[in-house]
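Here the structure comes first, spelled out in structure tokens, and everything after it is commentary.
Just so we're on the same page: letters track the sequence lines, and every chain starts at 1. Since the structure is predicted, the reported quantities are computational estimates derived from the model, not experimental observations.
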There are 2 protein chains.
Amino acid sequence: MKMLIVEDDSLHRAYLRDTIAAALPECTEVIEAADGLVGEQLAREHKALHIVMDLQMNARTGIEAARNIWRERPETCILFWSNYSDEAYVRGVSRIVPEGAAYGYVLKSATDARLKLALRGIFVEGQCVIDREVRGVQQKSLGHRGGFTESEYEVLVDIALGLTDRAIAHRRSLSLRSVQNRLQQLYDKLELYKDEPEGQQPSTFNLRTRAISVALLRKLLNANSLEQAELELSEWRARHQ
Amino acid sequence: MKMLIVEDDSLHRAYLRDTIAAALPECTEVIEAADGLVGEQLAREHKALHIVMDLQMNARTGIEAARNIWRERPETCILFWSNYSDEAYVRGVSRIVPEGAAYGYVLKSATDARLKLALRGIFVEGQCVIDREVRGVQQKSLGHRGGFTESEYEVLVDIALGLTDRAIAHRRSLSLRSVQNRLQQLYDKLELYKDEPEGQQPSTFNLRTRAISVALLRKLLNANSLEQAELELSEWRARHQ
DNA sequence: GCGACGGTTGCGGGTTCCCGCAAAACATTC
DNA sequence: GAATGTTTTGCGGGAACCCGCAACCGTCGC
């Protein structure tokens, strides 16, 4: 079995190497990459089918790298090993995992035992292994309890990119009014009206920017997801001269 | 010499412990904390005067913890050891370091040798040791080459929190128009007009939200600094019922 | 004293945004 | 097909925002 490690922190890389050696004696070869870009290349060269991947790297995000790798070889098994369980990450991952692929999402704060279990589960048994904390976030984002629909999430990203209503309408092929409706739903679900003072004085908050603010605080968005979205936006803008 | 380590990642904590033992043989006692909150408490209990501190922890940010510690004992020496050199962090740190205190800012990607040098420089010689990359950011933010003045930075934070012009004016004791002037300077310096298409068609970007977006992309702001600012805002709002 | 300069404030108009109201389009169910 | 619910769209008004213009201050240097 060949294993590829994609992780920018050398300490964590060393730890992974040791833990993999201990948990997977059948693993004969370990390759390492320090960022998503070379990770992608190595995966291609070595036709690696087993990958442990950090999210949050400079040259290329773990999510981007994984998407490209899965595009070429959808049967690849990938274990995402991250510090955070931000909804932005969880959403990003489940958006790209191909039909029936085995993958995992384990937090770096997990114990040795948890990580080893996940390694065996994914790479030997072909299971999906998702940490409890992560699972919680996943459920919330998909289930209807305060979760956001795909279209609401789309407009959230769009206003976070700084687009106007009109631009969003154009991009998503909607009428102006529909965009504004979605925004309203978004404002409702984010509970922007909660922390407004009671009185009738003009409100302290600009809803549009406040929405971005609380989305960031709630980890619905993060810097990485924004960067990604920015890329997609400029691609789109290039296509539509 | 007594040393306090405040760092949430156990691997990094172990690495620090080893490196400190190697670089500072005069260090007789090492205490550890896994987040800012207990870091603060331990600093108080042990009257620690030498601290290595991570930024970016859950319970309490390194910056908050350091501010509180320095408030009590301004002669404490603190080495900030962080993954990133975001302007938001650098600004946050230099905002709280007391007159004449010895401190350091070293990136986690630095080599062993660099870290050891910094440890001796700060804790033995009482120097300030700032990594080159960090220094670059610091200069830019203070020097006038595209840097932001304190007041521009203030309004940037305020709109990122989602405040209206009126609310900002109230908070900062300015007229409405002055706030809008500052916003305009901000928009200029962020070069929001750059990536607008030439034509006369209505612009694709909402300046106010776009400003937040590019500030995040440029690391002028990050999730931590926003959280912090959110706290200060709610304190302020409590004071003004 | 005086002109120059940067920062502040008021005014006004054009645009965008927020959102209630109601009609239309589509999907569900009986 | 009739009844019901959901989503989309247009209209319109009030508020907030962007910003040019002009007047008003304080601080310099001379």
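Nucleic acid contact for B:Asn181: base, since at least one base atom lies under 4.0 Å from a heavy atom of the residue. Heavy atoms of B:Ser178 sit under 4.0 angstrom from at least one base atom. Counting non-hydrogen atoms under 4.0 angstrom, A:Leu207 reaches the backbone sugars and phosphates but no base.
Contact between the side-chain N/O atoms of B:Asn206 and the OP1/OP2 oxygens of C:dC17 is found at a separation under 4.0 Å. Phosphate contact (OP1/OP2 of C:dT9, side-chain N/O of B:Ser175, threshold under 4.0 Å): present.
Put simply, the side chain of A:Gln180 and the base of C:dC19 share a donor and an acceptor less than 3.5 Å apart.
Of all non-hydrogen atoms in B:Leu190 and B:Val214, the two that sit nearest each other are CD2-CG2, 3.6 Å.
Summarising the geometry, the separation between CD1 on A:Ile159 and C1' on C:dT16 is reported as 14 Å, rounded to the nearest angstrom. Rounded to whole Å, atom C1' of C:dC18 lies 16 Å from atom CG of A:Leu190. A:Leu163 has its CG atom 10 Å from the P atom of C:dC17, to the nearest Å. Atom-to-atom, CG of A:Leu176 to P of C:dT15 comes out at 15 Å; the value is rounded to the nearest Å. The interatomic distance linking A:Leu183 (CG) with C:dT16 (C1') rounds to 12 Å, in whole Å.
Residues B:Gln138 and B:Arg135 bring a donor and an acceptor atom of their side chains to less than 3.5 Å of each other. Side-chain contact of A:Asp86 with A:Asn222: a donor-acceptor pair under 3.5 Å is present, judged by distance alone. Defined by atom type and a distance below 3.5 Å, a donor-acceptor pair is present between the side-chain atoms of B:Arg177 and B:Asn181. Side chain to side chain, A:Arg91 and A:Ser225 fail the donor-acceptor criterion of an N or O pair below 3.5 Å.
Bounding nucleotides for the chain A contact on DNA chain D, 5' to 3', at a heavy-atom distance below 4.0 Å, are D:dT8 to D:dC17.
Aromatic ring orientation, B:Tyr105 versus B:Phe80: tilted (interplanar angle from 30° to 60°).
Screening B:Leu37, B:Asp9, B:Val6, B:Ile63 for a side chain to side chain contact (heavy atoms under 4.5 Å, CB included) involving B:Met57 leaves a single residue, B:Val6.
Comparing B:Arg177 and A:Arg166 by the nucleotide of DNA chain C whose heavy atom lies nearest to each, the residue mapping closer to the 5' end is B:Arg177.
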